[in-house]
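Along the sequence shown, residues carry numbers from 1.
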Amino acid sequence: MTPDNAVAVTVHPAWLPDAALAPLRAQPSAVLGAGPCLDTVRSELSTGSSGPAAAEARLVVAPVEAVASPSSIGLDALPEVPAGGHAIVRTADRTVLLGADGPATLRGLYALAREEAVGRMLGRDAVPGTTSSAPEQPLRMLDHWDNMTVHPVMGQIERGYAGGSIFYVDGEVRADLGRVRDYARLLAATGVEAVGINNVNVHAHEARLLTDGLPDVARIADVFRAFGIRIFLSVSFGSPQRLGGLATSDPLDPGVAAWWASTADRVYAAVPDFGGFLIKADSEGQPGPFAYGRSHADGANILAAALRPHGGTVLWRAFVYNHHQDWRDRTTDRARASYDHFAPLDGTFADNVVLQVKHGPMDFQVREPLSPVLAAMPRTRLAIELQVTQEYTGQQRHVCYLAPAWREYLRFPLDGARAVASIVGGSGASSPAGGVAAVSNVGDDAFWTGHPLAQANLYAFGRLAWDSTLTAEDVLDEWIALTFASADADDLARIRSVLHEVMDGSWARYEGYTAPLGVGFMVDPGTHGGPSVDGYEYSRWGTYHFADRDGIGVDRTVATGTGFAGQFPSPWRETYESVETCPDELLLFFHHVPYAHVLRSGKTVIQHIYDSRSDAVEALDAVEASWDSLADLVGGAVPTRFDARVRERLEAQRASAVEWRDQVRSYFWRKSGVKDASGRVVY
């Protein structure tokens, strides 16, 4: 495919190379049913109308509603097909895949390809029997922070590290949406079912997608529809004024309500299966209901009323805080803001509003506690928001496999009993169902994500949103088996071993040479990339570490600090309140402690800072050596361009990691005056 304004580029197929579908395509198959997703199934299997009859096919694929009787597809009885999911029946002479509907059937086809690939890699033969799978979360959504035009500060994709937008070029929706189709196909194979196609920071040009741009929005929706994916638009709360010429955007003004209702009518006339609106309001300069003395529930509910007749949903982000803080005032705490704003509103949001809550109370840091908002609103639909784009985790120049972190968040018993995945999924109690959302890491780079290994994060998001009980290692196995499906068994085994060594511990390695013990940030203001230990320390953004000559950390206790620890339910309130029970990895998030404070490892805080920075950089030796061990496979099982890009990124990672190590170690030596007992050089 040729982008609208570029020379031809060969796009890496990611986890859906031809070899991944080849075992299914080689079987005589029959596909039953009609609809866009069933047409996609036929295309994937290269099955036209001349295939064998269903009762004679080796592979039968169908939504359950299209099956006239069990005998018509060679079965004695139909299996139970879970809502939104699929069932796979294997007999001695056939495989039957049944989906709950068209989109579920297509996702089941990709699941079957995944099982075939993993089985081949692990030497595991399929056995006769029935298996089924259903999505844990009703909402499984990726948010794109794409701008139609190139923003003078943030570029075309805000916090994007893989080139320009696959949707837009030169201020317009691309004429050629072939790359979007390829992307939709990749997402369908992971279980993602919704995509927001523009930046939550809605600029003037992008705001018009809601009105003048609807024909092009409909073209994008047509592409995603064939893969069972709905689209959402980020819209400005100020649209009634900006686009409608009204004097106000007050959510309680009847004229404003009428404008949103008529606008929603026009959107659904163009895109009948439109998902709804994504809103960032009263946050970092975006307009919102506070300007009119109204609450966030007032703001969300007026949009919900407009979408309700069409079955649409409002995704209202809870990322709201004072971004003009005074660093001199240690009673103000950005971490408290989301809870303070939203927890009192529990039960006041309309039932087609989903409150989208960042996984942590700050901003996608490499380590922070989960947001207590996720346990504080049992009568509100909630979605946990993750970040696939590596804004604070290496910006797709560092290897940082995030599945271990996400699984930890999703399985954490935040309310004292249920895992976060159960809370947002509405299972195990009367809580209404929300889901999981994340900021995408995709651009028009030939490898989709800049760093080829960052593709695994995009893949893992969809799989963990579907099933949070999967292990990070098993998800990585899936990605490896599919991505390198053309490799022979011996080569694939070697690739698998190397990639686990490179990626399994990469989150911990990245944390090891960056901000210590949960304190966060210490990044370049603006870019958020490299180290700048005091970069935000005296800023308006409220992201402080409070290091002085005696100690470091933020006192967020109820007894002596900002009280943030008290926003958690038991037992976490008590756990975080006490310096004795607070986990070491979050110690500096909740407590200001002396450099001589002894961690559970037996090391002091200052010696941990010295040692962990150096140890993490030294661990890169094994990472690079492991990748080098595949050199003889380059040009064969490992594509030459893939290898070259990985090597270039590993080199960049080392340079950045060394800078992080040296700046953080030197900063704390100069601040504390305590020598590094290891004798390593401190500058």
Looking at [Y], is its backbone amide N or carbonyl O close enough to the side chain of [X] to form a donor-acceptor pair, meaning the two atoms are under 3.5 Å apart?
X: Ser468; Y: Leu464; result: no
X: Asn301; Y: Ala297; result: yes
X: Ser666; Y: Asp662; result: yes
X: Trp507; Y: Val366; result: yes
X: Thr389; Y: Arg159; result: yes
X: Asn199; Y: Asp146; result: no
X: His545; Y: Leu588; result: no
X: Tyr544; Y: Ser539; result: yes
X: Arg317; Y: Val357; result: no
X: Arg294; Y: Ala291; result: no

Pair [X] + [Y]: basic N to acidic O under 4.0 Å:
X: Arg367; Y: Glu408; value: yes
X: Asp621; Y: Arg654; value: yes
X: Asp611; Y: Lys603; value: yes
X: Asp363; Y: Arg334; value: yes

Is any side-chain heavy atom of [X] closer than 4.5 Å to a side-chain heavy atom of [Y]?
X: Phe589; Y: Tyr576; answer: no
X: Pro289; Y: Ser295; answer: no
X: Phe546; Y: Asp555; answer: no
X: His592; Y: Asp550; answer: no
X: Trp669; Y: Val664; answer: no
X: Leu374; Y: Val424; answer: yes
X: Leu599; Y: Thr604; answer: no
X: His608; Y: Val605; answer: no

Work out which heavy atom in [X] is nearest to a heavy atom in [Y]; give both atom names and the distance.
X: Met503; Y: Ala456; answer: CE-CB, 3.5 Å
X: Glu368; Y: Phe364; answer: OE2-N, 3.2 Å
X: Thr575; Y: Thr581; answer: O-OG1, 2.8 Å
X: Gly299; Y: Pro251; answer: CA-CB, 4.0 Å
X: Phe521; Y: Gln365; answer: N-OE1, 2.6 Å
X: Asp143; Y: Gln356; answer: OD2-NE2, 2.8 Å

Self-check item: Worked verdict on Asp615 versus Arg509 for salt bridge (charged side-chain N to carboxylate O under 4.0 Å, His left out)
Solution: CA-CA 9 Å; Asp615 292 346; Arg509 277 196 301 273; over 6 Å; no

Of all residues at least two apart in sequence or in a different chain, which pass the salt bridge (Lys or Arg N to Asp or Glu O under 4.0 Å) check with [X]?
X: Arg613; answer: none
X: Asp584; answer: Arg600
X: Arg665; answer: Asp676

Distance only, no hydrogens: is a donor on one side chain within 3.5 Å (strictly under) of an acceptor on the other, for [X] and [Y]?
X: Tyr339; Y: Gln567; answer: no
X: Ser614; Y: Glu618; answer: no
X: Asp329; Y: Thr332; answer: yes
X: His151; Y: Asn147; answer: no

List the residues meeting side chain to side chain donor-acceptor pair (under 3.5 Å) with [X], not counting sequence neighbours, and say none if there are none.
X: Lys280; value: Asn201, Glu284
X: Asn352; value: Arg308
X: Arg556; value: Asp333
X: His341; value: none

Quiz prompt | Ring-ring centroid check His296 Phe237, cutoff 6.0 Å | solution = no

Practice problem: Walk me through it: do Trp541 and Tyr321 pass the test side-chain contact (heavy atoms from CB on, under 4.5 Å)? | Solution: CA-CA 9 Å; Trp541 297 98; Tyr321 67 99; 3.2 Å; yes

Quiz item: Could you go step by step and tell me if Leu142 and Leu458 meet the side-chain contact (heavy atoms from CB on, under 4.5 Å) rule?
Solution: CA-CA 9 Å; Leu142 280 164; Leu458 182 62; 3.7 Å; yes

Going by the rule side chain to side chain contact (heavy atoms under 4.5 Å, CB included), which residues pair with [X] if we only count those two or more places apart in sequence or in a different chain?
X: Ser338; result: Ala318, Phe342, Val373
X: Arg230; result: Leu139, Glu193, Ala194, Phe232
X: Pro531; result: Glu659, Trp660, Gln663
X: Ala454; result: Gln390, Gln396, Asn441, Thr449, His451

Quiz item: Taking the six-membered ring for Trp, are Tyr459 and Trp15 parallel (under 30°), tilted (30 to 60°) or perpendicular (over 60°)?
Solution: perpendicular

Quiz item: In terms of the angle between their ring planes, are Phe568 and Phe564 parallel, tilted or perpendicular, with boundaries placed at 30° and 60°?
Solution: perpendicular

Quiz item: Does the side-chain contact (heavy atoms from CB on, under 4.5 Å) test come out yes or no for His500 and Leu476, once each step is laid out?
Solution: CA-CA 8 Å; His500 275 285; Leu476 185 58; 3.7 Å; yes

Quiz item: Taking atom CD of Glu580 and atom NE2 of His591, what is their separation to the nearest 0.5 Å?
Solution: 9.0 Å

Exercise. Decide side-chain contact (heavy atoms from CB on, under 4.5 Å) for Tyr161 and Glu391; before the verdict, give the C-alpha distance in whole Å, the side-chain angles of both, and the deciding distance to 0.1 Å.
Key: CA-CA 8 Å; Tyr161 309 103; Glu391 179 180 358; 3.7 Å; yes

Quiz item: Restricting to pairs with a member in residues 394-422, which pass ring pair (Phe, Tyr, Trp, His ring centres under 6.0 Å), not counting sequence neighbours?
Solution: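 Checked against ring pair (Phe, Tyr, Trp, His ring centres under 6.0 Å) - neighbours excluded - the pairs reaching residues 394-422 are His359-Tyr409, His398-Tyr510, His398-Tyr513, Phe412-Trp572.
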
